[in-house]
Amino acid sequence: MAKYNPIETENKWRERWKKEQYYNVDLNDESRPKFYNLVMFPYPSGDRLHVGHWYNFGPADSFGRYMRMKGYNVFEPMGFDAFGLPAENHAIKTGTPPAESTEVNTATMVDQLKKIGTIYDWSRTLNTSKPEYYRWTQWLFLQMYKHGIAYKKEAAVNWCDTCQTVLANEQAQDGTCERCATEVVQKPLKQWFWKITDYAQRLLDGLDDLDWPEKTKLMQQNWIGRSEGADVVFELVGTAGKVEVFTTRPDTLFGATYMVLAPEHPLVLDIVTDGQRKEIMAYIKAVKKKTEMQRTDLEKDKTGVFTGGYAVNPVNGEKIPVWIADYVLMTYGTGAIMAVPAHDERDFEFAKKFDLPVREVVSGGNVSETAFAEEGTAVNSGFLDGFSTPDAKKKMIKWLGDKKLGRGVVNFRLRDWLISRQRYWGAPIPIVYDPDGKAHPIPDEHLPWLLPTDTEFKPKGTSPLGQSKELKARTERLFGKGWKPEIDTMDTFVCSSFYYLRYLMAGSGSADSGAEAFINPKIEKKWMPVDMYIGGPEHACMHLIYARFVMMALKDFGFVSHSEPFARLVHQGLIKYQGLKMSKTKGNTVSPDEFVSFYGSDVFRMYLMFMGPFTDGGDWNDKGITGIARFVDRFYGFIAGEAGGPADLGLLHKTIKRVTEDIEKMQFNTAIAALMEFLNGAVKTGLSVEGKRILVRLIAPLAPHLAEELWKHLGGKKSVFNEKWPEYDPALTVSATVTLAVQVNGKLRGQVEVATGISLEEALKAAAEVENVAKHLEGKEIVKKIYVPGKLVSFVVK
RNA sequence: GCCGGGGUGGCGGAAUUGGUAGACGCGCGGGACUUAAAAUCCCGUAGUAGCAAUACUGUGCGGGUUCGAUUCCCGCCCUCGGCACCA
């Protein structure tokens, strides 16, 4: 029997694919429907490609190859999300400029990626850290600025006083600096934001039509966090000030017995009395050290301080005390709440702790014991008494509106996108400041606004770009004496929010090469949205919302024709090692290289697919890889061996059906199992050449090199990926007989084989005649008979 | 803590508009081939009892609905992802 040599064979086919530019795509091809098959681009870290990358890219490519055989013009690009923190940290440690290390890392990664044997169109690759890419990141910023979406406001950053630098959340875990263990404080800085909140409702509505996992849609819905309620104005006693609060329960306004402001609320300093000032200031200082998660922990003891000031409840004129507490956040609602301890759990707990009054205004619970947050009937509420909660809400909102004391509003949990980063390795924000400090956009003609290279990477109290003499000189030369450059760079999520559009313009020499325009409208209209987008579930709420927002904004600005970037989304599962996420810092990455050079990339790819459902991931181990290696050997030996034998068309067509449906659902594990089952049978009976030609096409997306070799062996002149995917005949997938299970009182008592279309009476009769069933029916009264066609018969007896 | 997943043999997993739990593979046990080993091939493999037919138990734990629950409902436990500056 012929022996398969995977290494030699795979190299041969990869060479040929490359030489014949087999996977370079003509975006203007009108002969076939398009299919944009996209996988989230990787960050080029210093690690070599690990098993997790393969787990992601292999199956994604198999899907692309399948769609190609289904007759689509498949565009499958690959690029690099190259700006970011790790390269900068590496630079601080070693002094190597990020541009250099990134160059080396991407080159290594490209080499390794090519070994997977994918259909990537390398003529259209991109790298977000290159000026020819980030000029469009900057262009996007300018568009956002021009349309009033980019604005500047103060926001807190993690600050380490010892290192004189801003820290990422990751570097500031447990409230201390990762490098020097200094306590991290929140420091306010003026930073750029994008008004994603303008799109909150559209981001919510757009989810309906997307073929995305339901759990991802749910997470986005919760992240956007729409809630209906009212803003209510409270007058402050003894000052001219007013406080606006947001509440989802305006019907409980009569039960508001105190008010709580976020410690950062600007009015706190106005209303604090001299007697309380010291305590308030100490509390504000302490809160600066807490993370939002610590502040909103429902289990922790509530803390807070009385300001000494009072507000007036607009609905009954009552004077209520104003407190501050860290569980009220400045970033949600108005940064102030009316507290209704009888009907909100957090307020209840707070009131109990600080001995504040609890007044029931919705009946249905027992508010002396616990808060009653559900709906009920209004009581102790003047004109609301007797109304149900929904009606009471409406009535109160009407009342507030009439008196100009409030209004019904929709509030979102979603916050505007902070895009400023006090970092070196990112796209510079294309803004300059005149001598008065006023911001001006940098005109398009000066893009790309280059990232300077004359900086230290070690932080010195400001953003690294602040050290660049060249940047300062450049700014003054172009704009005038005394003008200053913006020295913050952009969040890397900005770079990744539009890259799917730039792949359509990347590449050199082609008509649509991307130097002149952001996007070619004709190409965009044809190729967007991305048909299949594959990436990790960890991106459910950030990248995947940012990209949708940017696409919607670009549509509003008139640059694109679609408002959603990704029509279908699938998350691959996470591959762990020894129970942990693979990462270089943990030292638990597993390299695919030794497996690939021993078994070949087809075996490795198939093994990863066979491990379990693509969406599950799992803990890496190599125990089962020999099973796939054996299967590949058997498959090769069988196809390359003698043909002949009776063709069981039923089995063959059932297999085509199973493999097709499983690949459509990205369930590669069961597709492979179906092929194994078929092979196990076929080696015993033999198979015609026609049958073999079908089998080779079925395995082609899963083991591309093997399939090419066998296709050639069977007389194929061109690549197997030019062949049509096999169709099955539904009539042939139906068997003449089925096995029915027979139950008595819900317990399995036997089986019977019957003709497929058998009637109810015949099925019951056949079932009752089964020996062991008859035994269990004997002497009993049958009270119920159930027949599920094709599945089972069930008798209920007394 | 909050939001969203997951938990099935020794192991990876299969089967859900409620209908035969354990497909396929690994491992393990036995056999064939071989001087021998490797490779390959064949048979067996959830647990308990039994020669067997068969019976009982069994899908994280405790309840419930149903003729029938891995699947639906209620309450727990464990675990993973995200929580807005890792990407």
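No hydrogens, no waters, no symmetry mates; every other heavy atom, side chains included, goes into these values. Only a predicted model underlies this, so the values are computations on that prediction, with no experimental measurement involved. Chain A is the first sequence line, chain B the second, and so forth, proteins listed ahead of strands; every chain is numbered from 1.
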Give every pair of a protein N or O atom and an N or O atom of nucleotides 55-58 of chain B that lie under 3.5 Å apart, one pair per line with the distance.
from   : atom 1 : to        : atom 2 : distance (Å)
A55(B) : OP1    : Arg749(A) : NH1    : 2.9
A55(B) : OP1    : Asn772(A) : ND2    : 3.3
C56(B) : OP1    : Arg749(A) : NH2    : 3.3
C56(B) : OP2    : Arg749(A) : NH1    : 3.1
U57(B) : OP2    : Lys747(A) : NZ     : 3.3

Name the pairs: protein N/O against N/O of nucleotides 2-10 of chain B, kept only if under 3.5 Å.
from  : atom 1 : to        : atom 2 : distance (Å)
C3(B) : O3'    : Asn222(A) : ND2    : 2.7
C3(B) : O2'    : Asn222(A) : ND2    : 3.0

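Distance from the side chain of Asn669(A) is smallest to A14(B) among C86(B), A14(B), C24(B). Side chain of Glu170(A), nearest nucleotide from C86(B), G19(B), G81(B): C86(B). Here the side chain of Thr492(A) is nearest to one of U20(B), C86(B), A87(B), namely A87(B). Residue Gln191(A) places its side chain closer to C85(B) than to any other of C85(B), C67(B), U20(B). Comparing G19(B), C85(B), G27(B) by their closest approach to the side chain of Asp491(A) singles out C85(B). Listed nucleotides A87(B), U20(B), C85(B) differ in distance to Thr739(A); the shortest reach to its side chain belongs to U20(B). Listed nucleotides G13(B), C24(B), C67(B) differ in distance to Phe610(A); the shortest reach to its side chain belongs to C24(B).
Distances shorter than 4.0 Å separate none of the side-chain N or O atoms of Arg415(A) from OP1 or OP2 on A84(B). For U40(B), the OP1/OP2 oxygens have a side-chain nitrogen or oxygen of Arg630(A) closer than 4.0 Å. For Asn680(A), a side-chain nitrogen or oxygen approaches OP1 or OP2 of G25(B) to under 4.0 Å. Under 4.0 angstrom from either OP1 or OP2 of C41(B) there lies at least one side-chain N or O belonging to Arg634(A).
In this structure, Ala156(A) and Gly627(A) both approach RNA chain B, and ranking their closest nucleotides by distance from the 5' end singles out Gly627(A). Map Ile628(A) and Leu418(A) each onto its nearest nucleotide of RNA chain B; the residue landing nearer the 5' end is Ile628(A).
What separates CG of Leu702(A) from C1' of C24(B) is a distance of 14 Å, to the nearest Å. Between Lys153(A) atom NZ and A84(B) atom P the separation is 15 Å, expressed in whole Å. Separating the CZ atom of Phe635(A) from the C1' atom of C24(B) is a distance of 15 Å, rounded to the nearest angstrom. Put simply, CZ on Phe412(A) is 19 Å from C1' on C83(B), counting in whole angstrom units. Rounded to whole Å, atom C1' of C83(B) lies 12 Å from atom CG of Leu329(A). Between the CE atom of Met293(A) and the C1' atom of C83(B) there is a distance of 5 Å, rounded to whole Å. We find that CG of Leu679(A) is positioned 14 Å from C1' of C41(B), with the value rounded to whole Å. The nearest whole Å value for the distance from the CD atom in Glu538(A) to the P atom in C86(B) is 13 Å.
A salt bridge between Arg415(A) and Glu292(A) is present, with a side-chain N of the basic residue lying under 4.0 Å from a carboxylate O of the acidic one. Residues Lys576(A) and Asp619(A) are not paired through a salt bridge, judged by the lack of any N-O separation under 4.0 Å between the basic side chain and the carboxylate. Using a 4.0 Å cut-off between a side-chain N of Lys or Arg and a carboxylate O of Asp or Glu, Arg658(A) and Glu677(A) qualify as a salt bridge. Salt bridge present: Lys657(A) and Glu661(A) bring a charged side-chain N and a carboxylate O closer than 4.0 Å.
Looking at heavy-atom distances under 4.0 Å, Leu792(A) makes contact with a base. In this structure, Ser420(A) reaches the bases: a heavy-atom distance under 4.0 Å links it to at least one base atom across the strands shown. Note on Gln422(A): a base of the nucleic acid sits closer than 4.0 angstrom, heavy atoms only. In this structure, Met676(A) reaches the sugar-phosphate backbone alone: every heavy-atom distance under 4.0 Å involves primed, P, OP1 or OP2 atoms, never a base. Residue Val742(A) is classed as having no contact, given no heavy-atom separation below 4.0 Å to the nucleic acid. Phe795(A) comes within 4.0 angstrom of no nucleic acid atom, judged by non-hydrogen atoms across all strands. Residue-level contact check: Lys576(A) touches the backbone only, with heavy atoms under 4.0 Å from sugar-phosphate atoms and none from bases. At a threshold of 4.0 angstrom between heavy atoms, the contacts of His539(A) include nucleobase atoms, whether or not backbone atoms are also involved. Residue Glu677(A) is classed as a sugar-phosphate contact, given heavy-atom separations below 4.0 Å to backbone atoms only. Within 4.0 Å of Val166(A), counting heavy atoms only, lies at least one base atom of the nucleic acid. Pro42(A) comes within 4.0 angstrom of no nucleic acid atom, judged by non-hydrogen atoms across all strands. Counting non-hydrogen atoms under 4.0 angstrom, Leu414(A) reaches a base of the nucleic acid.
Remark: U40(B) base-pairs with A32(B); criterion is Watson-Crick or G-U wobble with both hydrogen-bond distances under 3.5 Å. With a 3.5 Å ceiling on both atom-pair distances, the Watson-Crick or G-U wobble partner of G75(B) is C61(B). Nucleotide G19(B) forms a Watson-Crick or G-U wobble pair with C67(B), both donor-acceptor distances falling under 3.5 Å. Checking A84(B) for Watson-Crick or G-U wobble geometry (two distances, each under 3.5 Å) identifies no partner in any strand. Pairing partner, C24(B): G12(B), with both Watson-Crick or wobble hydrogen-bond distances short of 3.5 Å. A 3.5 Å limit on both hydrogen-bonding distances identifies U48(B) as the Watson-Crick or G-U partner of A55(B).
The 12-atom threshold is not exceeded at CD of Glu642(A), counting heavy atoms of other residues, nucleotides or ligands nearer than 6.0 Å.
A donor-acceptor contact under 3.5 Å is formed by the side chain of Gln743(A) with the base of G19(B).
In summary, of the residues considered (Trp417(A), Phe193(A), Trp192(A)), a ring-ring contact (aromatic ring centres under 6.0 Å, His included) with Tyr151(A) occurs for Phe193(A) alone. Just one of Tyr607(A), Trp54(A), Trp620(A) meets the ring-ring contact (aromatic ring centres under 6.0 Å, His included) condition when paired with Phe595(A); it is Trp620(A). Considering Gln422(A), Arg423(A), Lys190(A) in turn, Gln422(A) is the only one that fulfils the side chain to side chain donor-acceptor pair (under 3.5 Å) rule with Asp488(A).
No close placement of the Phe604(A) and Tyr599(A) rings is indicated, their centers lying 6.0 Å or farther apart. The ring of Tyr327(A) has its center closer than 6.0 angstrom to the ring center of Phe350(A). Between Tyr133(A) and Phe498(A), the distance from one ring center to the other falls under 6.0 angstrom.
Using bins of under 30°, 30° to 60° and over 60° for the plane-to-plane angle, the ring pair Tyr533(A)/Phe566(A) lands in the parallel bin.
Judged by distance alone, the side chains of Asp416(A) and Thr197(A) do bring a donor and an acceptor atom under 3.5 Å apart.
The distance from the CG atom of Asn169(A) to the OG1 atom of Thr291(A) is 8.5 Å, given to the nearest 0.5 Å.
Glycosidic torsion of G9(B) falls within 90° of 0, placing the base in syn.
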